[in-house]
Structure formats: structure tokens, C-alpha cells
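To keep things clear, I will list the structure first and then write my remarks on it.
Throughout, a chain's letter reflects where its sequence line sits, starting with A, and its residues are numbered from 1.
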Number of protein chains: 6
Amino acid sequence: DFNYAFQNDIKPAFGVKDQVLQQFLANGIVNWGHTERLLSDGMDLANTAKNGKRTHLVTALLEGATGAGKSALAAKIAMDAQCPCVRLINPQALIDHGEAGKCQAIVRAFEEAHKSSQSVVVVDNIERLLDYNPIGPRFSNAVCQTLLVQLRVNPPKGRRCLVLATSSNKDVLRQMGLLGCFDKMLHVPTLRSNTHVAQALKGLGGVDERDISQISSDIGSRELSLPIKRMIHVAGVAETTCGSKGFASKFISLLEEDESLAGAGSKFSRSNF
Amino acid sequence: DFNYAFQNDIKPAFGVKDQVLQQFLANGIVNWGHTERLLSDGMDLANTAKNGKRTHLVTALLEGATGAGKSALAAKIAMDAQCPCVRLINPQALIDHGEAGKCQAIVRAFEEAHKSSQSVVVVDNIERLLDYNPIGPRFSNAVCQTLLVQLRVNPPKGRRCLVLATSSNKDVLRQMGLLGCFDKMLHVPTLRSNTHVAQALKGLGGVDERDISQISSDIGSRELSLPIKRMIHVAGVAETTCGSKGFASKFISLLEEDESLAGAGSKFSRSNF
Amino acid sequence: DFNYAFQNDIKPAFGVKDQVLQQFLANGIVNWGHTERLLSDGMDLANTAKNGKRTHLVTALLEGATGAGKSALAAKIAMDAQCPCVRLINPQALIDHGEAGKCQAIVRAFEEAHKSSQSVVVVDNIERLLDYNPIGPRFSNAVCQTLLVQLRVNPPKGRRCLVLATSSNKDVLRQMGLLGCFDKMLHVPTLRSNTHVAQALKGLGGVDERDISQISSDIGSRELSLPIKRMIHVAGVAETTCGSKGFASKFISLLEEDESLAGAGSKFSRSNF
Amino acid sequence: DFNYAFQNDIKPAFGVKDQVLQQFLANGIVNWGHTERLLSDGMDLANTAKNGKRTHLVTALLEGATGAGKSALAAKIAMDAQCPCVRLINPQALIDHGEAGKCQAIVRAFEEAHKSSQSVVVVDNIERLLDYNPIGPRFSNAVCQTLLVQLRVNPPKGRRCLVLATSSNKDVLRQMGLLGCFDKMLHVPTLRSNTHVAQALKGLGGVDERDISQISSDIGSRELSLPIKRMIHVAGVAETTCGSKGFASKFISLLEEDESLAGAGSKFSRSNF
Amino acid sequence: DFNYAFQNDIKPAFGVKDQVLQQFLANGIVNWGHTERLLSDGMDLANTAKNGKRTHLVTALLEGATGAGKSALAAKIAMDAQCPCVRLINPQALIDHGEAGKCQAIVRAFEEAHKSSQSVVVVDNIERLLDYNPIGPRFSNAVCQTLLVQLRVNPPKGRRCLVLATSSNKDVLRQMGLLGCFDKMLHVPTLRSNTHVAQALKGLGGVDERDISQISSDIGSRELSLPIKRMIHVAGVAETTCGSKGFASKFISLLEEDESLAGAGSKFSRSNF
Amino acid sequence: DFNYAFQNDIKPAFGVKDQVLQQFLANGIVNWGHTERLLSDGMDLANTAKNGKRTHLVTALLEGATGAGKSALAAKIAMDAQCPCVRLINPQALIDHGEAGKCQAIVRAFEEAHKSSQSVVVVDNIERLLDYNPIGPRFSNAVCQTLLVQLRVNPPKGRRCLVLATSSNKDVLRQMGLLGCFDKMLHVPTLRSNTHVAQALKGLGGVDERDISQISSDIGSRELSLPIKRMIHVAGVAETTCGSKGFASKFISLLEEDESLAGAGSKFSRSNF
Ligand SMILES: Nc1ncnc2c1ncn2[C@@H]1O[C@H](COP(=O)(O)OP(=O)(O)OP(=O)(O)O)[C@@H](O)[C@H]1O
Ligand SMILES: Nc1ncnc2c1ncn2[C@@H]1O[C@H](COP(=O)(O)OP(=O)(O)OP(=O)(O)O)[C@@H](O)[C@H]1O
Ligand SMILES: Nc1ncnc2c1ncn2[C@@H]1O[C@H](COP(=O)(O)OP(=O)(O)OP(=O)(O)O)[C@@H](O)[C@H]1O
Ligand SMILES: Nc1ncnc2c1ncn2[C@@H]1O[C@H](COP(=O)(O)OP(=O)(O)OP(=O)(O)O)[C@@H](O)[C@H]1O
Ligand SMILES: Nc1ncnc2c1ncn2[C@@H]1O[C@H](COP(=O)(O)OP(=O)(O)OP(=O)(O)O)[C@@H](O)[C@H]1O
Ligand SMILES: Nc1ncnc2c1ncn2[C@@H]1O[C@H](COP(=O)(O)OP(=O)(O)OP(=O)(O)O)[C@@H](O)[C@H]1O
Ligand SMILES: [Mg+2]
Ligand SMILES: [Mg+2]
Ligand SMILES: [Mg+2]
Ligand SMILES: [Mg+2]
Ligand SMILES: [Mg+2]
Ligand SMILES: [Mg+2]
């Protein structure tokens, strides 16, 4: 386990602490259809990295819509991999570090990881690490170059490393040549059907069975694209503000307002945001 | 109340003082049709943030035309939410702080808010915070990235936070991906009919009933798009300069000159400004 | 009067001295048709700012062609307003101050004005303040943002302020969103007819009645667009160089050469400069 | 005269010394058709500036092709104006001064000029002062803004100033709004006919009458556009390298090679350089 | 041998150590069809550089797809050339050196090489050295200019030098004029047929003969473009994760997923990454 | 001679030493058809500069393809001119000097040259001096402006100066206005026919007469564009690697591979590099 690891391997000098990855899992992992497959793919990656005869470095990208659950899944896989060293490169923690500080943090995280026999490096939210802005576009080329180089640095002889990165902007990464740095692409989907929603609400807990049934039938076969994080938020708002109208109908009307759920007359989808 | 809050919670180290938010309400809140609904939506947001089981962070954007009343409404909601800690991020106060200073002020305001059990953060006039200029366009990407990250930082366990931002440039925010950071969009409309104007003038006080009637009938069903702030200014100018012509006709002619009010031969609307 | 003001109100720490505004009036104000109306509109603005119940801040832009007389009129109105504090933001005085220095000067001028019960702030030649160059275009976004914010800062309770700005590039100001910061637009026209020229030459003094008659008939109904400043210059050149040809015909031929005055075969107008 | 001036007026602290302007006249002023008219126009400008009742500042631009003689003519007019103070703003002398240094030099030259009762400021080769490069285009906006402001600064009461600027890139100056800063435009033409060339060669001296006749007849009515500076250079090369071929035919063949002179089969003109 | 060289020639002050070049050969050189020809071409280059009467400097570029084996082949040729001095310019080692640091490292590597009677300079991954990013595009022009100059600097009299550079972005190098700096271009191809794959898997070792046969027949005449580095990785993943499905079919399905191998319904090729 | 010059004139404080110009002539000057004419044109330039009555400054540009022999010819002419002072502005020597350092070096070289009664300034490889990169394009405008000014600075009275510059990018120089700074353009061509090649190989020495004959007949009337520097390199490679195939056929096949020599099926020419 982690405690054991920290005591018997190297000490984390920078970056991830167990609780930071835990924070990514604030709402746990609710099973809703694609979850199991994604976690099993993640375990395959971890196995290949830890035990492969010819593969001492495995790099994977979890990509999908905003709120699809990329960071949560990366954290879960990183923790389940049970490596003695886990390093997180986290834009939130690097917010006032500037371009050079970010580059340094990336280099250092990999250096530390490479000192351990087995390590996981989580590179969360690459587009924020890059300070990417579609207007221009603007971004930090220094951070980009650092990633382009670091993602291909082999760990020293006898060391093994799994890299898990997340991004909601696959196209930009492709244009920058960053996609070519990953051995594996894992797409993290949004909830697309009433079955997905029903399963997720059940897993979430605290929602009445009848509400779930009604929601499921209200959605029916209408078009839906709902990130899990958004679903949890909407459920929260519905709870607080439904009053006498009832949870189910408030939940549905919030989705429609959001345009996650196609309704009559809806013109713009939330994905336009 | 606020005094209680300040004594029993944390001390405001930076930013908002009660009177700054008060300044946003220099002309009070006059009821003119959409006002009640907007304030009630605001209270729902506050409730969800303060009491929601699953929602510890709620972020909302008040957007609408220049002078529509966005800052005044944000201030009103922030004060009515009765949270022990309120922080204001105010471009006027940050005018000579430079890019780095603005980023720091943003980070610090959120950090302080997150130290309180319940907080409101008002981010006023995002496009000014961004130093946005449509020619180029130019803007501070550093400020933008800081907002993109900060607007999604969850308060620590057990803490709750409501974020209220204002902007009159929704399109730019969408392009930069900032819209996706908000849980809720509140559109603040302009006055569009003679009823709106009559109601607002009545609420404003000091205007003769007959003048209001005449203005109402002069507007009739002509097209109108008048921000509340502009209406108050125009009423002020009319008062001072109407002389013998009478308030009502001066008021109407100022609106026509302004092109807030469609008249014969009007070619350019003030919105072109 | 001014002396009184300076002794009984605050002392001018920076910027305008009475004589600088006087310099803008080097050639006085000659009455030529639109002058009276413009000055009376200016007085209305001053009245509204000084006495309006609801209007403690009034901002106006005097815009028109190069040399149309914008700065002179702004100076005249500012002095006639008889406020105890007048502040001038003058690109000529800020020429070697750099971007930051200009921003500071702007902020300071407003701060000082806001300390007085009644103040006028003259912001002369906004495009020069912005270091605007149509090639690129290039300009100081920092100065632009400072103006965008400062032009909307309300004076503190009980204080009143009139802002008079000048510009010959209204389009650029519109694009930057600066037009929306002004409560009132005052267009300063050029001389367009022989009547205008005759009236102005008469007012100028020292020109023979017969010359004026001849000039008036020479212009006849030809198209004309002549800024007052240019007219005064052309009259000066004609005086010095007419020799025996006579003032009137030299004056006319200079206008034609200038292409202020449409003539046979004229292809480019001076406004192309 | 100059000596008198320097002793009885102010001392030149910076910039022009008599001999620098003299250098611009290394090859003197040869009379070739347009020369007299240009010099007389220059004297008119000087008179207007020095004696005009209403004109205390006169600004003129000498513009024309590279080598057309702009700097030489500006120097001649400046010296003939017989003002106690002459200041030269010279890109060659400012080559390693950087943007800020150039701006300062400009401001200082005008300041010094304005201390004298009568002054001439020569602003040579504006496009070099601007570091103008058509690729981009690139240029110093700071220098441009300084010129835009300085060219309009009135000398203090009782002082008079003539500004003579030169440029071979009128279009760029127009785009930047610099043309509008000049009261007068003087076009400096190239030699366009055999008469021009014959007259200039005669004035130059040391060329055989028969050679001049032959050159004149060789040019005949062919198209020609030859800057005076180039003509002097070509005459020099012809002298040194003609050998037995004779001066005239060498001179003509050099012009053809140059494509200043239209010949059979010439496709590109030197002006394409 | 190397040891001898280091003892009797100059000491490596910077850059390559034998083991770094060794790292480029982590997976050895497996013979798969084009390998021999490439190595023999490399030896020709080395001979020409070391023994040519008129050729004291030979510069070659190994270019090809990502993972095609460019760095490995350059390292092999550099070591086989048996020169007393080998210098490596390696973007991985220069990651935090900045633009100036990279330029200096390049200059110094060449300077050191030129001190030896015979030297090899390996310039690995030019596009990373240039910090090249296709968005913009952005790159370090300083590094580019340094290469443009250094690649043409002749070693001093009596010294000889072989330069081996690698790049996967030939087009960009051509646009920048860098291609013109190379005497020779060596294209490093990907595996294009089942024969190539069979030969490479055999050389790799540890793969069952029957699996190789099956893979070869599965590929058949389908279109294939597989870099050797990717093939080795895919073999590694197949080994670890094939389970009972068998190595061959897992290997094939990974290639199809990768889109290195054309399959039914494949729309995007990995080269789009 | 040079020694005499250095002892009796000024000492070279910076830049060229005799041996650096000698380095440009590492392979001597082989006579191959256009060589004599170019050298004689060069001597004419030197004569005009040294003895012309009206021409104290002569500036010439040697332009042509990469490797055409521009630098070698400039060096030869500079040395043959027998001036007491020769200055070289050499991008290779200025590689780590930065923009400002390059400008300074240029200014200083001219200053030193102008101290001598007769001087030659060689400005080698202008596009490298400018750090020119076609992507963007990017270049140092400061260096460009310095050249634009310096190339026109007349030496002081009684001093004489010849400037020889080289460039393989005439178009860029024209766009920047640099071409207009040269009195004379000398085009340095590539070898275009079998006669050229035969003559050059003969001059080079060490190549068998029969090989030359065979090469000449192999080329026949095929299209050819071969810079002299490339020809010497190709001859060197052919010598070292021809083995039993024979020099001539190896030489021809290298030219074909290079695409300097049109062959069946050749699609891209080396000039595309
Ligand atoms: N099956 C699931 N997969 C992923 N996340 C889940 C799942 N079930 C519940 N969650 C919760 O949903 C949230 C997903 O948010 P997360 O921040 O991981 O999304 P994201 O895709 O990284 O968003 P962003 O694009 O903003 O970075 C987390 O709070 C997580 O605890
Ligand atoms: N119903 C109302 N809603 C909003 N503001 C009101 C209302 N009634 C009166 N007001 C007054 O109208 C003014 C609205 O101005 P405010 O600065 O809030 O507008 P804004 O939309 O933020 O403008 P800007 O785009 O310039 O930031 C305030 O002075 C406020 O006191
Ligand atoms: N009726 C008038 N209106 C304005 N100016 C007048 C009038 N009569 C005379 N003048 C004189 O005309 C000149 C107008 O010049 P002024 O600098 O004010 O023009 P401007 O429009 O500000 O020019 P610029 O675009 O260059 O700033 C002043 O010298 C002023 O004294
Ligand atoms: N009539 C003339 N007009 C102008 N210059 C003449 C005349 N006769 C002879 N010259 C000589 O011709 C040369 C003109 O060169 P000058 O440098 O003045 O041209 P320019 O137009 O300023 O060139 P550039 O565009 O390079 O600045 C001078 O050496 C001057 O002495
Ligand atoms: N025949 C071969 N040619 C080249 N490399 C081979 C060969 N056989 C095995 N390899 C191995 O394949 C790998 C090739 O990877 P290498 O890094 O050299 O590729 P690359 O083209 O430089 O990739 P990149 O574009 O990422 O720089 C090395 O690990 C090398 O040991
Ligand atoms: N007739 C000749 N003309 C020029 N150079 C020759 C001639 N004969 C032999 N050479 C040799 O050819 C080489 C020409 O190379 P040089 O560097 O001068 O070309 P370049 O055009 O300056 O190339 P670059 O474009 O790379 O600067 C020199 O080594 C020179 O000694
Ligand atoms: Mg995430
Ligand atoms: Mg607001
Ligand atoms: Mg003005
Ligand atoms: Mg000149
Ligand atoms: Mg490589
Ligand atoms: Mg060269």
C-alpha cells in the first residue's frame, strides 16, 4: 500500500500527495456503463508498464469532454497501479509558477519518478498546463516542448514508468505533435442514454427509485450528451431547488436548460460554451 | 449580519469592503419587470451553494449589455446571501496592478474565500479584468488562465462558495472557454417596452405621473433597448436641461438621439458605439 | 473665477495650468456658424454635471477632423464651466512618459479631480494618448484599458465631475469600445460653405472686406471641407506670399492646391493625407 | 550669417553643426530645370515662417525618389533661411541610439529650436528615423508618435520655427497619418529628359561639350527617370572606366544597364530595386 | 577504440559520453531489409569525411517518420566511424537551457569537435532543438541561424569532421533553408510489408515462429506503415496483455487499432496523430 | 602588399585578418568560363573607388546561388584591390553576438575603414547577418536598418571606400530596400554546361583526362545547374567512393542523385532544398 511505499521507497519531494489524487475522487467513481472497461484498460496499461519485458515506459492519454471524468479516472488508475512512487503534475498547483516554473515542475516530476523502480506520473489537464487559449491561439511553447521531450524520455535501466495524461482538447494536442508522444489513447465518453443516467443516479445514491424511473422515461430516446460531473451537479441543484415540483421534473428541466438534453426548440448545445 | 460575520469569521485582508459593494448600488434596485425573477434566481444559487448536499461550489455569470445592471444585481445577491465572507475582484481597484498583480489578486481572493465556511466571490467585469480589446484581439492570457483554473477549484472539505461574475461580452468568454466554467448563466436584459420604462421611472421617484404617462404613450410600441443605467442618466439630463419644453419630451428626444429608441430616420443604434 | 478656485479648493498637483488650456485658444474662438451651438451644448453638459440631481458624472467626446477646433472648444467649455478644479491629460506633455507613465498620469488626473467638489477633466487627443498607428494597427492597450475603466469611475459621494475628451478617430474608439464610455458625442464640423468662410475671415480680423467678398464668390457653391485651423494657416500663408496677385486669389489657389476646395481636375482630397 | 547667429543667439547643444548640413551638399546644387522653382518655394516657406503674422510654425515635407536630391535641397533651404538656430535630426548620427534615444533626440532638437527666436529643424530621411521595413511592415511606433506630436507643437509665444523633413516613402507616411502633420508638400523630381541631363552635366563641369551633345541625342525621346545623385555617380564611373570607348557611350550604356533609361528589351527598371 | 581515443586525443568537455549514444541503441539494431543499406551508406559518409582528399567536412541528415530508427542509426554510424572525438547535441539534455543555452551548446560542440583530427558531431532531433511547434509556427530562430552557420563551418586545416543530424520534419527544414546545409540526405523508412515485420520480429528474438508466420499471413498484402520503434512497443504490449488470445492476433489487433495497418473501416491513420 | 599596408597605414583593430579572407579561398579560384569576366568587373569597381574623381564610395553586391562562389570571389577582389585597409563583416564570427553586437560590429568596421585613405569592406552573407528566416519571415530589423544607413555613409573627405557584399537571397534584399543601396550588382552564376564542368575539373587538377571526357559526353546537352562549391564536393565524394565503378560514372550519378543534373525521372531539383 501507499504508506508502505513511501516508507520503503523514495520520499515525495514535490507534487502529489496521496490526498491530492484523493481530491480528484471527491464524488467517488460511480459505475455507469463505460466505467468498468476504462478501468480495466487502465489496469492493462499499468501491467504492461510494470511487467512488460520490452516496455519500461508506457504513456497514455485520457481524453474527453469537460467534466467527463478524466481526472477522476486517471487518479483511480494511478492509485490502483500500486506503484511505490506517484507524481502529479497539476495546473491548479502551478497557477502562479509562470512558464519556466511549469517546465521545471514537469522535469522534476519525471526525474523523481525515474528514481523509483516503478512510478506513475499523472499529467492533469494538459491544455491548462500549456496555458492554451483558442484566441490567437496562445499557449506556452516552452511547456509544449518540455512535454514533447519528457514524454519520450526512457526511465533509466531497470526503472519502469507509467504516464497518465488528461486533456479535453485532443485536436490541439494533435496539431502540436503531442498525440504522437502517447502509446495509447483512452476516450472518456459522456452519458448518452437514459440507461446511463439511471445507472449513474442509482450509483450516486440518495435519489428515489421513482424519480429515477421518471427521469429515465422522460429522457426516453432523446439525444443526450451529459458529462458525469455535470450530472452530479445538476442532481445537487435539483435537490436544493425542486421544492414541490419534484426532483425528477426539475432534473429534466435543468438538463434541457443546459441543452445537454435535446428538447423542442433547443438551438444551441452546452458544448458551444 | 455583516458586522457579526466579520467579527466571528475571518477578517477581510484584501478586496471587498462592504461599502464597495454598496457603491455598485448607488442608484438602488428599481423594480421594472425582470428584476424580481433575477433576484430570486440569485437566491436559488445562494441556497444551492450554502445548503446543497452535493454542491459546495456554485458559479454563475451575469451577462448582458453595458449598463444593464449586472454589477448592481451581483452586489445585491452577494449581500443578500448573508455569507460570513464576501470577496470582490474589481478591475477598477486593480487598474495599475499589471497582469501578474491581477492574477495574484484573483488567486488571493479565492484563497481567502475558501478559508471561510461560506463565502461569495464577486468577479466584476471580466472583460476589463482580461484587459480585453477587440482590436487584435488583445487580452491577458495569464488572467484568463488564472480564471479558467480558479473558477473550478473546489473549496476545501466542509467549505462552501458562491461565485458571481459579470460580463458584457459573452461571446469572447465562450471563445476562451470561460463560459464552460460557469454552472449557471443569468441574462440581464435591457428595458424593451413602455411598460418597463414606466415602471422604472415610477420606482426611481421624483418624476411626475403625467410625464410618465406621456413618455409611455410616446414610446408606444416603438422598438426600444435601454439599459437601466442609461435610463437613469437620461432622466437626470432631462431634468437639468428640459427647461420649458417639459421633462417627457426632452426624455424622449434624448432617447431618440441616443438611438436607444427607434425613430424616423434613425440610422445607427447606440449599440454600435 | 479660477484664482478664487485655486485658493479655496485644492492645489493643482499635476497637469493643467490655466495657461496650457489658454494655449489651446491661441487663435481665440471665431464665430462661424456652428460655434455657438457647440458652446451652448457644452454649457448644458457642464450644468448637468454640476447641478444634476442624479448625474454626478458626465462624459462627452468632441470628435471631428484634424484641425476642426476640438481642442480649442474643449478648452473653452472647460474654462467657462467655472469649476474649482480643472485637469488636462495632454499627450504633448506625456510624450516621453511611456505606456506606464501615461496610465499613471490618467489615473492621477482623475484622482485629483475627484478630490474637488466640482471638476473638469480634459482628455485631449485620445488617439495620441493611445499611441495609435493605423499600420498594424498598433496602440497601447494599457492606456486603452485605463481609459475604459477611468471614464466610468463615479466621483465619490458629493463630488461632481465633467469629462471632455477629443479625438479625430471616432471609428477606432468605437472598435475599442471607448465610445460606449461617453454619455454624449459632440461632432465638431469643418467649414463647408462660402458663408462659413466669410464669417470666419471676418471674425479673424485684418482681412479686407473686398477680399472676403471675392473669396466668397470664388468659392460659390463649390464643394468645401476646411478645418478652421487650416483656414487660419492658409490665410497666414496668403498674407505673406500673395505679393501683387492679391490675397483673395492666393487664398483660393492655396485651398485648391490643398484640395480642401474642389476644383477642375482635382483628384485627391487633403483628407487623404 | 551663421557665425553671427551662433555668437548672438543660443549655442547648439546637440545635433547639427554647420558642416553636417554642408556634407549634404558634397556635390553642390547643379541647376537642371526644377531646381530653381524648388529653391524659390523653399524661400517662400522660410519667409512665411519668419515673418507671417498668423504663422509661427511652418512644416514642409520634401519627398521624392531615392537620390532625387531631397536632403541636399533641404540643407540648402535651411542654410539660406538664415535663422539663428538650425537643428538637424539625422538617422546616420542616431544609428546606435535605439528607439528611446531617437525619440529623445527628436524632442530635444525641437526644444532647442523653440528656445531661439527663429529656427529651422531639418528631419532627414523619416523612414530611416522610423526604422521602417516593408516586410511586416516593421517600424518604431514610438518614433512615429513622437513625430506626430512634435510636428504640431507650436513654438512658444514670440518664437518662430520652420520644419523641413525629407522622405522617399510618402505612402507609408500617409498611412501613418504623418502627412497630415505637414502644411506643405514639395515633390523633388528625377531627371526625365535629355534636356535635364544635358543641363545637369554642363552644371557639373568637366564633361566635354561633344560628349554632352552625343548623350543628349542618344537619349533622344526615350523614357528616362534618373535621380541627380545617380547621374553624378554614373558620370563618375564612366570617367574612370570608359577607356577608349569614350565617355558618352559608356555613360549611356551604364544608364541602360541601370534601367534608368529605357532600352530595347529592358524588362525591369532600377526602381524595382 | 573509444577508450584509446579518449586517452590519446582530447577529453570530452561537454555532451556525449559513450553511454548516451549507447542509450539510443537500447533495443539494438535489428536487421529488417533497409538496415544494411543504410549502415553501408553511413560508412561511405564516414570514409569520405575521414579520408577524402577534397572533403574535410561531410554533413548528412537522417530523416524519416517518428520512431523510424533515425537516432539509433545515427548513433550506430557515429560509433562505427571510430573517430577519436564524438559530440552529441541532444535536445533532451538541453531541455532547460533556453534559446541562448542551446545556441552555445551547439557552438561549443562544434568547437570541440574541430579540435580533434577526426570527429563526429551528432545533432539529434533538430525540430526539438528548434523548439518547433506547427501552431504559429513557432521556433527558435536563434537556434536555426546557429545551425545554418555552424553546419557550414569548415574544420581548421588538417582536421576532419562528419556531421550526422536527425529529423522527422524534412519539410520544415527545407523551408528554413536548413536542407541546403547538408551534403547528403538519408531517408529512414518504416516497415511496409509482412516480410519486413517477419524479419524484424525474428531479429528481435523471443517471438514464437508460428506467431511470426501467422502475423505475416494476417498482414498479407494489406497496406502497412510501421516504425521499428512502434513495432517493438506493440510486440511488448502484446506479450503482456494477450492472455489466452495468443500473441499473433493481439499483435495484429493492436496494429489495426493503431491504424498502422489498414483494416476494414479504418478511417484515420496513426500518422494523423 | 598587405604587410606593407598594415605597417604603414592603420592597424586592424577588429575583424578581418588576411588569413580569414584566405580561408574563403580554400579551394582557390578555378577558371571556368565566367570567372575572368567577374574578376575583371571587380577590378573596375576597385579602380573606380580608388581613382574616380567623383566616386569616393562604390558599393557592389555579388549575388547568386548557394555555393556559387560569391564569398571566394569577393575575397579575391578585396585582396587584389590592394587597399591598405580591408575589413570583413562575417556572420560566422558574429554568431553569438546578438542583434546589438552585430549592429555594432557593422558600424565599427565601417568606421575603421573610413579612417584609411583607401579601404575595402566585405559584408559576407547578408541574409545570415540579418538572421533571415523565410518562415514568418523573421529577421533582425536593427541589422537591416544599420546596413541601410551604413551602406550610404560617404567616407570623410579625401578617403575612399569599396564595399563588396554577398547574398544568395536577392529578392529579400530587394523587398527590404537594401538592393537600392548598391551601385552595382554582380551575378555569380552556376556551371550550366559540360564545357563549364570540363574546364573546372581540369583547373581543379588530379582528375584523369579520360574521366573528364566521359563526364563531358555524359552530360552532353542535358540541363545542368551546379554551383562550383558543390562540384568540388561531388568530385571529392566520387574519388573516395567510386571504387571500381570509375570516377566519371560515380560523379555523374551523384549529380543525378543531387538533381543538379536533369535525368530521366528526376522530379525535384536540389534547388528545392
Ligand atoms: N464513473 C465515473 N467516472 C469518472 N468520474 C466519476 C465517475 N463517477 C463519479 N465521478 C465523479 O465525477 C467527477 C468527474 O470530474 P473530473 O474532474 O474527473 O472530470 P474531468 O473530465 O477531469 O473534468 P475537466 O474537463 O474539468 O478536467 C469527479 O468528482 C468524480 O468523483
Ligand atoms: N433593477 C435594477 N437592476 C440593476 N440595476 C439597477 C436596477 N435599478 C436601478 N439600478 C441602478 O442601475 C445602475 C446599473 O448599473 P451597473 O453598473 O450595475 O450596470 P452594469 O451592467 O454593471 O454596467 P457595466 O456594463 O458598465 O458594468 C446602478 O446604479 C443601479 O443602482
Ligand atoms: N470657432 C472655432 N472653433 C474652434 N477653434 C477655433 C475657432 N475659431 C478659431 N479657432 C482656432 O482654431 C484652432 C483650432 O485648432 P485645434 O487645435 O483646437 O483643432 P483640433 O481639432 O484640436 O486639431 P487636432 O486634430 O490637430 O487636435 C485654434 O487655434 C483655435 O484658437
Ligand atoms: N539640383 C540638385 N538638387 C539636389 N541635389 C543636387 C543637385 N545638384 C547636385 N546635387 C547633388 O546631388 C546629391 C543629391 O543627393 P541627396 O542625398 O540629397 O539625395 P536624397 O534624395 O536625399 O537621397 P536619399 O533618398 O538617399 O536620401 C547631393 O550630393 C547634391 O550635392
Ligand atoms: N534496424 C533498426 N533501425 C533502427 N532502430 C532499430 C532497428 N532495430 C531496432 N531498433 C531500435 O528501434 C528504436 C528506434 O528508435 P529511435 O529513437 O532511434 O527512433 P527515431 O526515429 O529516432 O524516433 P524519434 O522520431 O522519436 O526520434 C531503438 O530503440 C533501436 O534500438
Ligand atoms: N571560379 C571560382 N569562383 C568561385 N569559387 C571558386 C572558383 N573556383 C573554385 N572556387 C572555390 O569554390 C568555393 C566557393 O565557395 P563559396 O563559399 O565562395 O561560395 P558561396 O557562393 O559564398 O557559398 P554560400 O552561398 O554558401 O555562401 C570556394 O572554396 C572556392 O575556393
Ligand atoms: Mg480534469
Ligand atoms: Mg458592471
Ligand atoms: Mg486637438
Ligand atoms: Mg536623403
Ligand atoms: Mg530520434
Ligand atoms: Mg558565401
Side-chain angles (χ1 to χ4, degrees), chain E residues 40-41 43-61 99-100 103-104 106-108 110-111 130 132 134 136-150 152-157 170-185, chain F residues 19 22-24 26-27 65-67 71 90-99 102 124-125 127-140 168-169 172 204-207 227 229-243 250 254 257-259 268 270-273:
Chain E
S40 131
D41 280 5
M43 280 308 98
D44 274 7
L45 291 168
N47 273 339
T48 307
K50 287 168 71 180
N51 310 314
K53 222 171 34 181
R54 309 182 205 273
T55 51
H56 302 247
L57 169 67
V58 173
T59 57
L61 178 70
E99 209 176 35
C103 292
Q104 236 174 39
I106 294 167
V107 171
R108 215 172 298 169
F110 277 93
E111 275 175 8
L130 291 170
Y132 181 76
R138 304 201 195 162
F139 58 89
S140 162
N141 190 31
V143 169
C144 180
Q145 298 298 325
T146 302
L147 287 174
L148 281 167
V149 167
Q150 282 295 357
R152 294 192 195 174
V153 174
N154 281 311
K157 222 168 187 155
K170 194 178 162 187
D171 275 349
V172 167
L173 268 52
R174 175 182 294 115
Q175 285 173 52
M176 291 184 179
L178 275 164
L179 277 205
C181 295
F182 291 103
D183 297 317
K184 180 85 183 174
M185 218 65 35
Chain F
Q19 53 269 55
Q22 284 290 8
Q23 267 188 24
F24 283 6
N27 293 297
T66 296
S71 302
N90 184 10
Q92 280 188 13
L94 296 169
I95 205 171
D96 53 356
H97 284 221
E99 211 176 33
K102 281 175 189 165
D124 192 43
N125 215 339
E127 58 275 24
R128 279 298 74 69
L129 215 52
L130 291 170
D131 287 334
Y132 182 75
N133 194 309
I135 302 188
R138 303 200 197 161
F139 58 90
S140 162
S168 50
N169 215 330
V172 167
L204 205 58
V207 184
K229 190 176 173 186
R230 185 79 195 150
M231 198 209 77
I232 298 173
H233 178 81
V234 164
V237 176
E239 263 170 34
T240 325
T241 59
C242 58
K250 182 72 188 176
L254 284 168
E257 191 185 296
D258 226 41
E259 314 203 2
F268 308 105
R270 185 177 171 85
S271 59
N272 281 343
F273 276 29

inquiry  = With a 4.5 angstrom heavy-atom cut-off, is it the side chain or the backbone of C103(E) that approaches chain F, or both, or neither?
reply    = neither

ask   = Is it the backbone or the side chain of Q92(F) that comes under 4.5 Å from a heavy atom of chain E, or both, or neither?
value = both

query = Top residue by heavy-atom pair count (under 4.5 Å) with chain E, among T240(F), N125(F), T241(F)?
reply = T240(F)

key: Side-chain touch T48(E)/D183(E), heavy atoms, less than 4.5 angstrom   = no

Result of checking N141(E), V143(E), L147(E) against Q145(E) for side-chain contact (heavy atoms from CB on, under 4.5 Å) = N141(E)

ask   = Is chain E contacted by the side chain of L204(F), its backbone, both, or neither, given a heavy-atom distance below 4.5 Å?
value = both

ask   = Would a 4.5 Å heavy-atom cut-off, applied to side chains only, mark R230(F) and D258(F) as touching?
value = yes

task = Indicate yes or no: at least one non-hydrogen side-chain atom of P137(E) is less than 4.5 angstrom from one of I135(F).
result = yes

ask   = Heavy-atom distance under 4.5 Å to chain E: side chain of D96(F), backbone, both or neither?
value = neither

ask   = Which bit of V153(E) comes within less than 4.5 Å of chain F, counting heavy atoms only: side chain, backbone, both or neither?
value = both

query = Side chains of C181(E) and L148(E): closer than 4.5 Å at any heavy-atom pair?
reply = yes

request  = Take D41(E) and K184(E) through the test salt bridge (charged side-chain N to carboxylate O under 4.0 Å, His left out) and record every step on the way to the result.
outcome  = CA-CA 10 Å; D41(E) 280 5; K184(E) 180 85 183 174; 5.2 Å; no

message = Which atoms of L57(E) are under 4.5 Å from chain F, going by heavy atoms: the side chain, the backbone, both sets, or neither?
response = backbone

